[in-house]
Protein chains: 4
Amino acid sequence: MSTKDLILATAKDMISEVGFHKMTTSNLAKRADISEGTIYRHFESKEDILQHILDTFDEKYMTLAETCRVRMDKGTLSLDDLLGSHFSFLDANAADIKIVLGTYSILEITRRSMGRFIERMRTLFEDFLARGAETGTLLEVPLRPTGLILANMFFGLMRIKLYWPEIDDFSMEAVEFCRRSLMLPEAGI
Amino acid sequence: MSTKDLILATAKDMISEVGFHKMTTSNLAKRADISEGTIYRHFESKEDILQHILDTFDEKYMTLAETCRVRMDKGTLSLDDLLGSHFSFLDANAADIKIVLGTYSILEITRRSMGRFIERMRTLFEDFLARGAETGTLLEVPLRPTGLILANMFFGLMRIKLYWPEIDDFSMEAVEFCRRSLMLPEAGI
Amino acid sequence: MSTKDLILATAKDMISEVGFHKMTTSNLAKRADISEGTIYRHFESKEDILQHILDTFDEKYMTLAETCRVRMDKGTLSLDDLLGSHFSFLDANAADIKIVLGTYSILEITRRSMGRFIERMRTLFEDFLARGAETGTLLEVPLRPTGLILANMFFGLMRIKLYWPEIDDFSMEAVEFCRRSLMLPEAGI
Amino acid sequence: MSTKDLILATAKDMISEVGFHKMTTSNLAKRADISEGTIYRHFESKEDILQHILDTFDEKYMTLAETCRVRMDKGTLSLDDLLGSHFSFLDANAADIKIVLGTYSILEITRRSMGRFIERMRTLFEDFLARGAETGTLLEVPLRPTGLILANMFFGLMRIKLYWPEIDDFSMEAVEFCRRSLMLPEAGI
DNA sequence: TATGAATGAGGCTTCATTCAT
DNA sequence: AATGAATGAAGCCTCATTCAT
């Protein structure tokens with residue numbers, strides 16, 4: 001692994017564990033077993049490290065969204081698929097999420113980054129809802145706010161999972177909660 | 001106002017405006033027009049100030065919950081009443097909420113405090129759902145997780161309102177979203 | 001002596017001895033026997049200390065210039081008096097001068113400060129020359145540049161005295177040099 | 001141009017532009033488009049680069065002095081010639097002068113180098129004055145200090161020109177000033 | 001010769017906290 | 001109770017220099 005990647009990986013771990021402020025350049029260097037000066041050969045500032053982490057995360061989510069859209073266009077993406085792939089994504093990127101959730105209130109760059117993230121997720125959900133309404137599988141609901149509600153639900157789930165692990169996971173029930181609100185009362189009766 | 005309250009009020013404003021880390025004891029003293037030393041006559045540490053703010057907030061919410069319970073026991077609390085009174089509470093205590101949301105990821109004391117807050121809200125919603133199921137006005141849903149889902153929804157709404165004010169308010173739609181998921185398909189009509 | 005003055009005096013000594021860059025905040029604190037943090041209770045930055053030194057020096061020269069002007073108006077100020085009082089001033093403020101000479105090429109604030117200093121000295125000399133020409137004790141020479149030449153001569157003398165003390169003092173000869181250039185060829189002869 | 005010369009030339013530009021301290025080895029390498037390590041293949045240290053620049057400058061002045069002496073021995077060097085050739089030299093080597101003036105107060109090596117420079121100039125002027133006195137074209141003045149006064153005047157002129165370019169050039173008047181002080185009251189009566 | 005990543009000492013500054021008055 | 005000067009640990013960052021390739 002290149003030194004730059006080592007720094008990035010170590011910083012990601014540390015920030016998600018102790019927060020941005022408590023990861024000091026000195027700590028970071030020690031844990032990555034490099035000198036403090038080396039950090040500045042690869043990054044302009046401590047905040048710059050975070051910026052890189054956020055950018056990478058951003059790209060990862062864009063890839064997921066793209067994949068979802070492709071399947072949506074083919075008509076093979078169910079509500080469960082959509083929510084399920086998001087849960088997987090969030091689980092797989094827990095550290096990044098924790099970083100985002102833990103710094104958006106402190107740092108302007110994260111606030112902006114998370115704002116973009118929310119928007120992207122909302123747009124994706126919105127498009128899904130629009131399509132569902134067209135094909136008659138979902139209720140007709142106000143698209144924009146409902147997309148936001150779903151995105152918001154996801155963040156909340158992650159937050160609780162990450163910061164209050166002692167609380168039982170309630171993802172499944174959340175999915176049910178949403179299904180009841182969005183699915184048409186099963187025609188077939 | 002006593003000096004202690006002055007410090008508390010000033011600190012609350014500052015923390016919600018600039019965050020816990022960026023409120024320094026020096027800033028605080030200047031803005032409250034007292035000396036830095038005076039702070040330590042009333043509080044043990046900077047964190048101790050936060051602790052007091054959190055405790056006060058805690059009590060305020062307990063009062064609201066108590067009020068809700070009283071009305072619930074009388075059978076005069078509709079879903080709209082419940083959610084409405086919470087929206088009012090959150091609006092009226094925006095500064096406290098912002099402090100909680102902005103520090104739980106950094107400080108153990110807030111993490112615990114917010115944990116309790118979530119639990120309390122969850123319990124209240126849970127009780128409401130149980131009663132609704134009994135009286136036949138609400139669907140039968142898994143109580144504990146659904147209470148959590150509702151609490152979670154509230155926090156999310158506040159968060160977006162506080163940190164991304166440029167996003168349109170979607171409280172009303174969120175309420176609708178929940179109603180659809182929880183209300184019985186209006187019987188016989 | 002107040003702590004602020006102690007810092008100022010110590011810094012003046014150190015800067016004139018080793019230069020602005022080589023006086024570090026750490027050194028300064030050690031030599032003044034205070035903690036590094038204390039420096040920042042009294043000054044905004046390291047450069048701010050220098051600023052204070054320069055301002056004080058500025059005022060001191062303005063006082064001298066004022067005194068000279070008063071005597072000039074009374075008609076009791078000979079060329080020897082004028083140059084003599086300047087030599088005394090420069091000798092008495094050797095540390096300040098060394099600081100000015102040693103930092104104007106590095107720091108914008110000193111460059112400006114020294115610029116003002118030169119101007120002030122030039123103006124004073126210029127006025128003296130004008131008066132001398134009027135009263136017929138001095139040659140008529142271009143005022144502005146000649147004032148500058150005299151100011152310049154002074155700075156040069158100080159510089160050599162301060163940085164090359166091994167070179168014999170030549171102030172007296174410099175005064176003679178100027179007299180020959182400025183005095184009317186003694187009438188009476 | 002050899003790499004060594006490239007480094008030297010680039011360093012000369014940079015030091016005269018931003019000063020010795022603000023030219024970092026990193027900057028220098030970037031501007032010269034070489035690697036930082038390469039610098040240390042050609043020079044022992046950052047100061048060593050300056051040493052080379054100073055040495056080269058020293059030689060250049062020695063050449064000028066030599067030329068002047070040759071003409072002096074032939075008896076074809078007027079005061080105007082002498083001063084004029086010095087002005088030309090200083091103009092042509094403005095970067096070197098700026099380096100010397102900007103570092104003698106900080107660095108021992110420059111202080112020594114400039115000391116030698118002053119001495120050399122003084123000696124040359126002194127010899128010229130001696131000859132002038134012998135041939136009866138110049139007043140008899142104390143040689144050593146007067147030589148120093150002239151050298152000093154030159155440095156002052158350069159300094160002001162380089163650091164306060166907003167001040168009008170007063171070289172011509174300076175020459176006049178010196179002529180008045182040194183020339184015999186034109187016999188020719 | 002040349003590279004450029006790595007080093008580590010040290011610089012300036014901030015800030016929660018203490019203490020004599 | 002209140003003051004505010006003083007502390008000192010710790011934070012971020014810079015930079016001349018070294019060294020393996």
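Nothing here was measured: the structure is a model prediction, and the numbers come from that model. In what follows, every chain begins at residue 1, and chains take the letters A, B, ... in the order their sequences are listed.
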Identify all pairs in which a protein N or O lies below 3.5 Å from an N or O of nucleotides 16-19 of chain E, and state each distance.
from, atom 1, to, atom 2, distance (Å)
E:dA16, OP1, B:K46, NZ, 2.9
E:dA16, OP2, B:T25, N, 2.6
E:dA16, OP2, B:T25, OG1, 2.9
E:dT17, OP2, B:Y40, OH, 2.8
E:dT17, OP2, B:K46, N, 3.0
E:dT17, O4, B:E36, OE2, 3.3

Got a sec, which residues hit salt bridge (Lys or Arg N to Asp or Glu O under 4.0 Å) with [X], two or more places apart in sequence or on another chain?
{"X": "B:E119", "result": "B:R122"}
{"X": "C:R31", "result": "C:E17"}
{"X": "A:R116", "result": "none"}
{"X": "A:K60", "result": "A:D96"}

Whole-Å gap separating [atom2] ([N]) and [atom1] ([X]):
{"X": "C:K4", "N": "F:dA6", "atom1": "NZ", "atom2": "P", "answer": "12 Å"}
{"X": "A:I39", "N": "F:dC15", "atom1": "CD1", "atom2": "C1'", "answer": "16 Å"}
{"X": "C:H42", "N": "E:dT14", "atom1": "NE2", "atom2": "C1'", "answer": "16 Å"}
{"X": "C:D48", "N": "E:dT14", "atom1": "CG", "atom2": "P", "answer": "12 Å"}
{"X": "C:F43", "N": "F:dA6", "atom1": "CZ", "atom2": "P", "answer": "11 Å"}
{"X": "B:M1", "N": "F:dA1", "atom1": "CE", "atom2": "C1'", "answer": "18 Å"}
{"X": "D:I7", "N": "E:dA2", "atom1": "CD1", "atom2": "C1'", "answer": "11 Å"}

Those residues that, when tested against [X], pass side-chain contact (heavy atoms from CB on, under 4.5 Å) (two or more places apart):
{"X": "B:E166", "answer": "A:R111, B:W164"}
{"X": "A:I106", "answer": "A:H21, B:I106"}
{"X": "D:S105", "answer": "C:Y163"}

With A:T10, which residues qualify under side chain to side chain donor-acceptor pair (under 3.5 Å), at least two apart? none
Listing request: all side-chain hydrogen bond (donor to acceptor under 3.5 Å, both in side chains) pairs with a residue in residues 42-53 of chain B, at least two apart in sequence or in separate chains. none
Between D:S35 and D:T38: side-chain donor-acceptor atoms closer than 3.5 Å: yes
Kindly say whether A:K22 contributes a backbone atom to a donor-acceptor pair with the side chain of A:N27 at under 3.5 angstrom? yes
Given pairs defined as Watson-Crick or G-U wobble with both distances under 3.5 Å, what dot-bracket annotation applies to DNA chain E, with ( ) intrastrand, [ ] crossing, | other strand and . unpaired? .||||||||||||||||||||
Comparing C:T3 with A:T38, nearest DNA chain F nucleotide closer to 5' gives the residue C:T3
Would you jot down, in residue-number order, the residues of residues 27-35 of chain B having a non-hydrogen atom under 4.0 Å from DNA chain F? B:I34, B:S35
